[in-house]
Every structure is written in C-alpha cells, then in structure tokens.
Student: 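Take a look at this one; I'll ask things after.
Order of the sequence lines fixes the chain letters, A, B, ..., with proteins taken first and strands second; residue numbering starts at 1 for each chain.
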Amino acid sequence: MIEDSPFVAAAPVLVPMPAERPYTYAVPPGMRVVPGSIVRVPLGPRQVAGIVWDGTVETVDAKKLRSIEQVFDCPPIDRAMRRFVDWIAQYTLSAPGMVARMLLRAPEAFDPEPWIEGLQRTLAEPDRLTDARRRVLETAEGGLAWTRSGLAHAAGVSSTVIGGLRAQGVFETVMIPPRPVVAAPDPGHAVPELMPDQKAAAEKLRAAIAADAFNVTLLDGVTGSGKTEVYFEAVAAALDKGGQVLILLPEIALTHAFLERFQDRFGAKPAEWHSDLPPRMRERVWRQVAEGGVRVVAGARSALFLPFEDLGLIVVDEEHDPAYKQEDRVFYNARDMAVVRGHIGGFPVVLASATPSVESRVNASQGRYDRVVLSSRFAEAALPDLKSIDMRRSPPARGGFLSPVLVEQMRRTLERKEQSLLFLNRRGYAPLTLCRVCGHRFGCPVCSAWLVEHRFRGQLVCHHCGHNERRPEACPECGTLDHLVACGPGVERIAEEVVGHFPDARTIVLSSDLLGGVRRLRLELEAVANGEADIVIGTQLVAKGHNFPGMTLVGVVDADLGLANGDPRAAERTFQLLSQVTGRAGRTGKKSLGLLQTYQPDHPVMRAIVSGDSEAFYEREIAERERAALPPFGRLAGIIVSAATRGEAESHARALRRSAPTASDLFVLGPAEAPLSLLGGRHRFRLLIQGERRADMQGFIRAMLAEGPKLRGSVRVQVDIDPQSFL
DNA sequence: AGCACGCCGACT
DNA sequence: GTCGGCGTGCTC
C-alpha cells in the first residue's frame, strides 16, 4: 500500500488516462491517504483527479516524482470498486487508468456539497405587522429553515420583505444541509396485488436477496406479464435489508413512464443517471450515492461506475439490449459487468427481458444463472394476432413497397378510426442511389458505405460516419442530368407511398432525423399516444419503450431486413426487434393485428414471431450456434473493424487465423461493418473481437501486437461474454 | 485522453 | 510576415 522511503512517503495513484499502472506520487508530510482516496495530482501541465490505488509503489526517478496536492473530502472508493476497475481493465484489455476515468466523471462532486444559507424564525417580533409580513410569518410557522427566495416565493412576497424582517432580527441566518436529490423510497408504499405466477417469481427473487450472496436470476417474462412489478419486489427486499439498488436501463428506455411507475410503487422517484443529466444534478447524485443518501439509482450503463456506499442489488432491465454495449474507449457490456460487480460485491443480480439474449439463456441452461419464467399475460394485454405476408405471393404495386394485403388492413383500420404503425428500420428516403445511365453508385468518400438519400433535406448522408453532401442533379461520373434513381425504401419513401394511398390520413414519420431533438420527439410520441395521428411510420425508435394505446395494426415493412448481414447475431436481433415492435399493438383490449412483410415466411424467426413460440426459436438458435461454434460457445470470433488499407486488413486477417486457429469465423469488416470488399481508402487500424474464451483472445491480441508494434494503442477489444471463465 | 511542441499552407 | 492544420510524444 503506502510505502515509506527514507525520505518521502509515496502512494500509487491511478490517473484518468491510458496508463497501464498507477503512477507514483509523493505524499506530503501530514497528509493522510488510504487506498481509494480521491486526490488531486499534477499530471503534465494540468491538475487531475486520481484514485490512490492498492499495492506497493514503484520507485521512480526522484526528478519525476511530484506530490499529491490535495485529498478530497469525499468517501474513498471502496475495495470492491477498486477490484471491479482492475477486473474490467484486465478483461477488456484496457488501461486501468481509462477505467478509473469512468469513475471520475463528476469532478465537482469530490468536494462536499456546500451548505446553503437559510433563514429561521427567531423569538423576535417585527416592529409593524404589514400584510406581506404576516403572510411571511404564517408561512414560516413551524420553525423550519427556509431559503430566502423559497420563503419569498411561498409567501407570495418580494424578497425585500424578507430582507426587512431579517434586518429586524425576526429571522436569523442558519446553514441548511444540502437537499437530497430524491426522497427516500418506501418499500411498503404500495405493495401490489400480484398474479399467482408473479407472486411465485417475486418469492424466488426475495429468497435470492435474503440469501445475501452473489447469484444471477434471469427473469424471462413475455410482454405484458408484469416483469417490472416482479423485480420491484426484489428492489423492495433489497431496500428492506438496508442496501442500495441500481436499476440499469438501456438509455432509450430511461423514460418518464418508468420513473412514474417506480414512484407509484415506492412513493418516491429513483435518482436518475444518464449522459444528459445536467452537471449540477450529476454532481449531487454522485455525491449522495457515495454517501448513501440515495437508495435507488435508475441509470444507463455508466451508472455501473457510481461509487455506491453499500450496493445490494443490480437489476438489468431489457438485458438483451445492444445499448448496454459501450463501443468506444473501454469496450464493455454493462449487463455482463453488472454480473461481475455482483460477484465482487457478493450480492444478487437480476437480468430481465421478454426476449433474453442467447448468452443469458445459455448461462441459465448451463446452471450459471437461475431462470424464472413469467408466461401468463394479463388478459387485456393480449398480443395481436400475428401473420406473415408472403411478398412473393402478394407483391407490392410497381414502384411501391407495401403489399396490397397490408394496405387493405390499413384502410380498414382507418375506417375504424384506429391507428396503424408501419415499422421500417431504415432512416431517410432510400439506402442507395445510382445513375441509370452509367451505373454509378453514390458511396461515402470517408468510409465507403453507401450514401443514404434524405429527400426531405435534399442530402446524401452516410449513416456510419455522418458525412453528408447535397444531392446533385447530375451524375458525377457521366454528367447525365435527372437520371439518378433511388433504390430501396427508407421511412420517408414509405411515407410518400402511404400518402399516395391515404391522402386524408394524418401521417407522421418518427425517426432520429426528426428536427427539434429529443424534446420534439417526446412531444410527437405523446401526440401519437393521444390519438393525434392515424398512421405512424417509424424506425426502431418506435419499437422501444413507448406505448400507443390506440394502435391496433402494426405492419413490418421489411421483416427480413437485418437477417442477411453476416452478423452471427442477426437472427437473434431480428427476433428481439420484431417481438418488441409487434408488442406495440394489442395493449388496448381491442382486437389487433400484426403483419410481417417477408420473402421468407418459413424462416425460423418469422415462424417464431407468428406462432409466438419463442422457446422453439431459442432451442433452435442455441443448437445452431453450438454446431457452428458461434458466440456464446467457446470459440473465438474475431472482427477487424477497420484497417489502414485493404491489404493491411487482409494480412491481419491472416495473422488472426494463424494465431487463433480454433476461431470459428473471422469477420473482416470495414469501419462501417461493411464487407472487406467495400473497404477502400486509408483507415486507422482498429480491431474488435467478439470472443468467448479469454485465453484465446488475449493470446491473439498479443500475437497481433507482436505482428505490428505500430498498432499498439489503436487496438481495441470487445468481449461479449465469457461464460467459461466469467465467474 | 489531453496537451504541448513542431513543422508546412492561406490570410488578418 | 502570422494563424492553424494535425503528426508525434509525454505525462509519476
């Protein structure tokens, strides 16, 4: 730990940069630090916050040694959290300093929250009692301290009135401790009446909490089965035991609706934690989590790095959601890191989903996780009647993309004054533009993916790197005017087709391109929920989180989209997405319908969705993955995400094969996950591995580094899950 | 990751 | 003559 040299005491300090090990700093005489202390240290030309780490210090050149400037008045990062940082650094092959950086993302929170100035009633009486003064005294009755502006506001007077009373000694200045960011949740606030299978599931979770040990439960409940209510019982049990609780949600799902639901159950909102929390709030939440004042946090993946004082449960909702993957700097999957955090902290973890990831299903079937299934649905929340439309038999009209079968159902839905949702997971107007004369295709000059036409904006946009240009009139290759043709549909194009069919219907397109940002989007979603649109055309953004009570028809424009992209998870992802989308309808109690436009009605994904038999899908998918040795079965799959040149990508692919001969598949992909054949231009080399066996993977990385020392620093690793060595 | 230093093109 | 592009190198 802290070692005394003959001259100065020194401490290892993890600084927030890609350092492989802690740096050594001198501890000035009289300063007290312990492992976990958050300290201010000089680093190059600037001052940074670092964490005093475990272990002995390395002797460094006396000329290099600098001193810790300050120990923050802040609870030290506990041992479990420090081990968590080291574990993640090792597992993701990232520098520990970069992992530590994720803990230090609330710089102002390291100093205690200041007490604020307040006013308290004294025994003195004012010289004259005016109307305004009387209101102030009535408001302040009860002896509690008020802020000056708060009291003025509550009494409906100007703050000069308060100032006058203060001057007369009717009020005295007192210091008020910082206000809690949220009220304390009450586990007994509104205990729900649970259905029998919910009750049984809640009992199992409660037992896991009572056991006071690490354990993972996969809570697998079909849409509408009341998963949230069940895991709220686990939350209540953990709170009863006195621990703190973290509920992880995919960023998108961190909605108002969830917070309300929590408040209904516990009488208070959880503290929120996500990337667009205002800085002041961020600091207060961080501090109060560290001090234990906040009991429950609902947050995005970064909430995993909050310094909980006494964490007793993590719930990962929608555990299959890809938003849990962080894919820059430190590559990690928050769902898996939550499991690791539980293991280190010795507490239970609950993974909840209506469509669990294949990894979690495998972990459950192999006994590493417990599995609790909720199979019955509330009667009024029945799923829609689901059917596929075989596009070979009911093709769309020329130039269109909607089958007559779907159009007819939309017409009927309109007649009944109910809402339809068309889902197409593709922004813009058309995913590819080409010249009818010379065949020129518009590609991205930066990353060589195709440019997507956004007709509304008059632009061609690269959805991978954000590059955009004006849509020209003439072909840049042959110069012919007005012969550019849009290939394939995006939501804008579907909207055009819909308006052609139903010119009088209120049609709206919802995608992340919507002008006006998140606020506008929220307003539009609300408007739709209030019935202010007849037909909604949306990307996956409509698939998540939001309920539309009047929606009785869901049409999936291209259910096959995403099945053929070479991703080993394509079928799983499509199944999950289609389950979610079709779940958007049918919560009304009215009869509702889901239609999937597909060219492969016999594909296992379509059969599973239409029949509702997800068990069969999982069994088949797991068997298939095992046979092909794809994730999550103990083989390694490497993905080169981008390379400096095509030749370099190829040579690294060969190196990859040599060093990982057992790898089942080597995916050589472009920066845009485009096939290698699309790679062109110069790109920084980056490597992304979705692998299972850590030993294989690390060996491979070492081989890569030996192969090309210049690559060091630009190699990044993603590990999805490693069931063999995980726990 | 920041941030400084350092060496070549278009402008107050 | 300077401002500014990002390549390279370092941080106890």
Student: Check the pair Phe442(A), His440(A) against ring-ring contact (aromatic ring centres under 6.0 Å, His included), reporting the backbone distance first and the verdict last.
Tutor: CA-CA 7 Å; Phe442(A) 286 79; His440(A) 171 75; 4.9 Å; yes
Student: Salt bridge between Glu108(A) and Arg280(A), side-chain N to carboxylate O under 4.0 Å?
Tutor: no
Student: Distance under 4.0 Å to a non-hydrogen atom of chain A counts as contact; along DNA chain C, which nucleotides mark the start and end?
Tutor: dT11(C) to dC12(C)
Student: Which atom names give the shortest non-hydrogen contact between Asn333(A) and Lys325(A), and what distance separates them?
Tutor: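 In terms of heavy atoms, the two residues are closest at ND2-CG, 3.9 Å.
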Student: Could you pull out every donor-acceptor pair under 3.5 Å between side chains of residues 40-51 of chain A and any protein atom, sequence neighbours left out?
Tutor:
{"from": "Arg40(A)", "atom 1": "NE", "to": "Gln70(A)", "atom 2": "OE1", "distance (Å)": "2.7"}
{"from": "Arg40(A)", "atom 1": "NH1", "to": "Gln47(A)", "atom 2": "OE1", "distance (Å)": "2.7"}
{"from": "Arg40(A)", "atom 1": "NH2", "to": "Gln70(A)", "atom 2": "OE1", "distance (Å)": "3.3"}

Student: Using a 4.0 Å heavy-atom cut-off across all strands, classify Pro42(A) as base, sugar-phosphate, or nothing.
Tutor: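 Counting heavy atoms under 4.0 Å across all strands, the contact made by Pro42(A) is with sugar-phosphate only.
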Student: Count the heavy atoms of every other residue, nucleotide or ligand shown that sit under 6.0 Å from CZ of Arg520(A), and state whether that count exceeds 12.
Tutor: yes
Student: Which whole-number value in Å describes the distance from Leu104(A) CG to dG2(B) C1'?
Tutor: 15 Å
Student: Centroid separation under 6.0 Å, is that true for the rings of Phe305(A) and Phe84(A)?
Tutor: yes
Student: Atom pairs under 3.5 Å, N or O on each side, protein against nucleotides 3-7 of chain B: can you list them with distances?
Tutor:
none

Student: Cation-pi between Arg282(A) and Trp273(A): NZ/CZ under 6.0 Å from ring centre and within 45° of the ring axis?
Tutor: yes
Student: Judged by modelled atom types alone, do Ser357(A) and Glu319(A) share a side-chain donor-acceptor pair under 3.5 Å?
Tutor: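 A donor-acceptor contact under 3.5 Å links the two side chains.
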